[in-house]
Amino acid sequence: LKIDIPFRGRPLPTVSWNKDGQPLKQTTRVNVQTSKTSTLIVIKEATKDDVGKYELTVSNTAGSKTADIGIIVLDKPGAPGPIQVDEVSADSIAISWNPPEYDGGCNIN
């Protein structure tokens, strides 16, 4: 996953990234590169842990601007919630379960 965002300003702005309201932690998989004219976030082999709201803030003495970016990673959904037995009869059983916590980026019916 690569997101390249151009910017400009005088004086040269500083750039900061947050994920879900917290400063973005750079790792061997998650890297931010910022030049005088753009900022690039690279997430290698994105997983469900990378899903969330990313926030880019560009600021200098003239002011600041913030942009929100929602990241969805398409993947297989997690396991469904606990199975509940709703009804039992002599020749059938009705069960139900809760949807998984992680939906894989798609609606689950």
Side-chain angles (χ1 to χ4, degrees):
L1 171 67
K2 292 182 181 182
I3 303 171
D4 191 11
I5 301 176
F7 64 86
R8 63 181 173 193
R10 269 195 221 148
L12 184 64
T14 59
V15 174
S16 65
W17 284 91
N18 288 340
K19 179 183 182 267
D20 297 327
Q22 300 295 318
L24 181 66
K25 294 178 185 174
Q26 293 196 58
T27 65
T28 55
R29 276 188 341 97
V30 179
N31 194 342
V32 174
Q33 302 166 12
T34 301
S35 70
K36 293 181 179 181
T37 58
S38 70
T39 182
L40 170 70
I41 182 170
V42 178
I43 302 175
K44 296 176 186 171
E45 299 176 13
T47 67
K48 67 180 180 178
D49 295 333
D50 301 312
V51 171
K53 179 180 137 188
Y54 289 72
E55 184 179 84
L56 167 65
T57 302
V58 180
S59 57
N60 63 14
T61 54
S64 67
K65 201 68 167 169
T66 300
D68 293 334
I69 303 166
I71 300 294
I72 299 171
V73 176
L74 300 179
D75 197 2
K76 63 182 179 182
I83 296 174
Q84 298 141 353
V85 176
D86 295 332
E87 187 178 323
V88 177
S89 69
D91 58 351
S92 69
I93 183 171
I95 60 173
S96 64
W97 55 88
N98 294 328
E101 286 185 30
Y102 178 65
D103 63 10
C106 300
N107 289 332
I108 297 177
N109 299 340

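With sequence neighbours excluded, the residues that form a side-chain contact (heavy atoms from CB on, under 4.5 Å) with Ile69 are Ile3, Ile5, Trp17, Tyr54, Ile71. When the side-chain contact (heavy atoms from CB on, under 4.5 Å) test is applied to Asp4, the partners found at least two apart in sequence or on another chain are Ser38, Leu40. With sequence neighbours left out, the side-chain hydrogen bond (donor to acceptor under 3.5 Å, both in side chains) criterion links Gln22 to no other residue. By the side-chain contact (heavy atoms from CB on, under 4.5 Å) test, Gln26 is found to be paired with Asn31, Val32, residues two or more places apart in sequence or in another chain being considered. For Thr37, the side-chain contact (heavy atoms from CB on, under 4.5 Å) test picks out Ser35, with sequence neighbours left out. Not counting sequence neighbours, Thr47 has no partner by the side-chain hydrogen bond (donor to acceptor under 3.5 Å, both in side chains) test.
Grouped by direct or indirect side-chain proximity (heavy atoms under 4.5 Å, Ile/Leu/Val/Met/Phe/Trp/Tyr only), Leu74 sits with Ile72.
The side-chain hydrogen bond (donor to acceptor under 3.5 Å, both in side chains) analysis of residues 62-73, with sequence neighbours excluded, yields the pairs Thr57-Thr66. Pairs engaging residues 29-44 under the salt bridge (Lys or Arg N to Asp or Glu O under 4.0 Å) rule: Arg29-Asp50 [sequence neighbours left out]. Screening residues 72-91 for salt bridge (Lys or Arg N to Asp or Glu O under 4.0 Å) gives no qualifying pairs among residues at least two apart or on separate chains.
Annotation: side chain of Arg10 is not in contact with side chain of Asn60 (no heavy-atom distance under 4.5 Å). Inter-residue side-chain proximity for Leu24 and Ile41 is flagged as met; some heavy-atom pair is nearer than 4.5 Å.
Looking at every heavy atom in both residues, Gly78 comes nearest to Pro100 through O-CB, 3.2 Å.
Heavy-atom neighbours of Glu45 CD from other residues, nucleotides or ligands within 6.0 Å: at or below the threshold of 12. More than 12 non-hydrogen atoms from other residues, nucleotides or ligands lie less than 6.0 angstrom from NZ of Lys19.
Side-chain N or O atoms of Asn18 include none that pairs as donor or acceptor with a backbone N or O of Glu55 at under 3.5 Å. With hydrogens and angles ignored, the 3.5 Å screen pairs no side-chain donor or acceptor of Thr39 with any backbone N or O of Thr34.
The CD atom of Gln33 lies 8.5 Å from the NZ atom of Lys2; values are rounded to the nearest 0.5 Å.
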